[in-house]
Amino acid sequence: ERLLSLIRLFAELPEPPDPFGLYPHYAELKDRFLASLDGSDAESLEEAFLLLYAHIHGYEVPYTPDERERVTASGGYLSHVGGLSPILKAAPFIGPDTVSGDFGAGNGLQGLLIQKLPPHAKTVQIEISSRMVEAGRLLQAWLGVPEERVDWVVADVSEVSPAGMDFVYLYRPVRPNGPGEAFYRGFAAQLEASRKPVVVFSIADCLRPYLPPEFEIF
């Protein structure tokens, strides 16, 4: 049902605002997606939808020279396109009062869609690329997510604490070795110090080795 809700949403949305030229193939992929809705091949429909979704999510991140230098120095990755599965599986762990956070959000599409399914108190989007945050704010309006529901934070992920968050989305924002190891070690310590339960979706999981035994791995 959640997947169908997203498919319906993307079918009805107009072309996204794109002042930075980040979605050059949107019209072509949208036409392919809409054409697949008329068929009976579920796999073709899902593939067409995923291609459209991934194109909007973005493969390339426009960094300034300073931002790129900071990403490299911290052991960060230049870009990962997160999939639909975490978005669809997040809903049972989110309630009306949930504060969710995405560390390394890119243009924030995943966090925005998690906010749509279902709406909750706040989504915190942490991203070092100022241009991607600008693009994300436009996507927020495009998706109809109220302004007060999202906080955009232009910062290195190591500069932001998960304290106060109920749900954290973490898709391998930095490498788990070299300077990146300090991020996971510190992140785990901050989670351990939290006074309330926290659910973490750690995709391509680098966090697990640093968590204390009290955390349930599910």
Side-chain angles (χ1 to χ4, degrees), residues 2 57-58 61 67 70-71 74-77 79-130 132-137 139-140 143 145-176 180 182-208 210-212 214-218:
R2 289 189 285 272
H57 194 301
V61 176
E67 290 166 353
R70 290 172 66 193
V71 168
S74 65
Y77 293 95
S79 182
H80 278 318
V81 178
L84 284 174
S85 181
I87 299 170
L88 301 175
K89 293 180 178 180
F93 301 96
I94 291 176
D97 298 326
T98 295
V99 175
S100 63
D102 185 346
F103 285 73
N107 65 9
L109 182 62
Q110 282 192 304
L112 292 170
L113 293 178
I114 289 174
Q115 174 63 241
K116 293 282 286 188
L117 299 176
H120 49 282
K122 184 75 71 175
T123 298
V124 183
Q125 308 264 42
I126 302 106
E127 171 55 44
I128 196 172
S129 169
S130 55
M132 289 301 273
V133 168
E134 290 182 60
R137 291 183 186 276
L139 287 182
Q140 180 179 348
L143 288 167
V145 176
E147 185 174 346
E148 66 273 12
R149 289 287 178 92
V150 183
D151 285 347
W152 296 91
V153 181
V154 181
D156 188 303
V157 292
S158 65
E159 299 171 350
V160 181
S161 169
M165 297 179 186
D166 308 284
F167 178 93
V168 173
Y169 179 80
L170 199 69
Y171 183 9
R172 205 175 175 95
V174 298
R175 291 174 173 81
F183 167 78
Y184 293 106
R185 194 178 300 280
F187 201 87
Q190 291 171 329
L191 290 174
E192 185 178 9
S194 175
R195 292 182 175 273
K196 61 179 180 178
V198 184
V199 175
V200 182
F201 274 27
S202 180
I203 313 301
D205 185 25
C206 299
L207 183 63
R208 183 185 312 210
Y210 304 99
L211 291 173
E214 290 78 14
F215 274 82
E216 176 189 356
I217 310 299
F218 68 102

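All values below were derived from every heavy atom in this structure, side-chain atoms included, with hydrogens, water molecules and symmetry-related copies excluded.
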*Where do His120 and Gln115 land on the side-chain contact (heavy atoms from CB on, under 4.5 Å) test, with the steps shown first?*
CA-CA 6 Å; His120 49 282; Gln115 174 63 241; 3.5 Å; yes

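- Taking every heavy atom of both residues into account, Cys206 and Arg172 meet most closely at SG-NH1, 3.0 Å.
- Across every non-hydrogen atom of Tyr184 and Pro176, the tightest pair is CE1-CA, 3.8 Å.
- With hydrogens and angles ignored, the 3.5 Å screen pairs a side-chain donor or acceptor of Lys122 with a backbone N or O of Glu148.
- In terms of heavy-atom proximity, Ala188 sits nearest to Leu211 at CB-CD2, 4.0 Å.
- Around atom CD of Glu147, no more than 12 heavy atoms belonging to other residues, nucleotides or ligands sit under 6.0 Å away.
- Scanning all heavy atoms of the two residues, the minimum distance from Leu88 to Arg2 falls at O-NE, 2.7 Å.
- Using cut-offs of 30° and 60° on the angle between ring planes, the pair Phe187 and Phe183 is tilted.
- In plain terms, the two heavy atoms of Pro162 and Val168 that are nearest each other are CB-CG2, 4.2 Å.
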_Please evaluate residues Leu191 and Leu207 with respect to the criterion side-chain contact (heavy atoms from CB on, under 4.5 Å), reporting the C-alpha separation (whole Å), side-chain torsions for both, the decisive distance (0.1 Å), and the verdict._
CA-CA 11 Å; Leu191 290 174; Leu207 183 63; 3.8 Å; yes

*Take Asp166 and Asp97 through the test side-chain contact (heavy atoms from CB on, under 4.5 Å) and record every step on the way to the result.*
CA-CA 9 Å; Asp166 308 284; Asp97 298 326; over 6 Å; no

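- In this structure, the side chain of Gln125 does not engage the main chain of Asp102 through any donor-acceptor pair within 3.5 Å.
- For Gln140 (side chain) and Pro146 (main-chain N/O), a donor-acceptor pair under 3.5 Å exists by modelled atom type.
- To the nearest 0.5 Å, atom CG of residue Leu139 and atom CG of residue Leu109 are 6.5 Å apart.
- In this structure, Asn107 CG and Leu112 CG are separated by 8.0 Å, a value rounded to the nearest 0.5 Å.
- Contact between Phe201 and Lys89 at its shortest, heavy atoms only, is CZ-O, 3.6 Å.
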_The test is side-chain contact (heavy atoms from CB on, under 4.5 Å); show your working for Met165 and Phe103 and say whether it passes._
CA-CA 12 Å; Met165 297 179 186; Phe103 285 73; 3.7 Å; yes

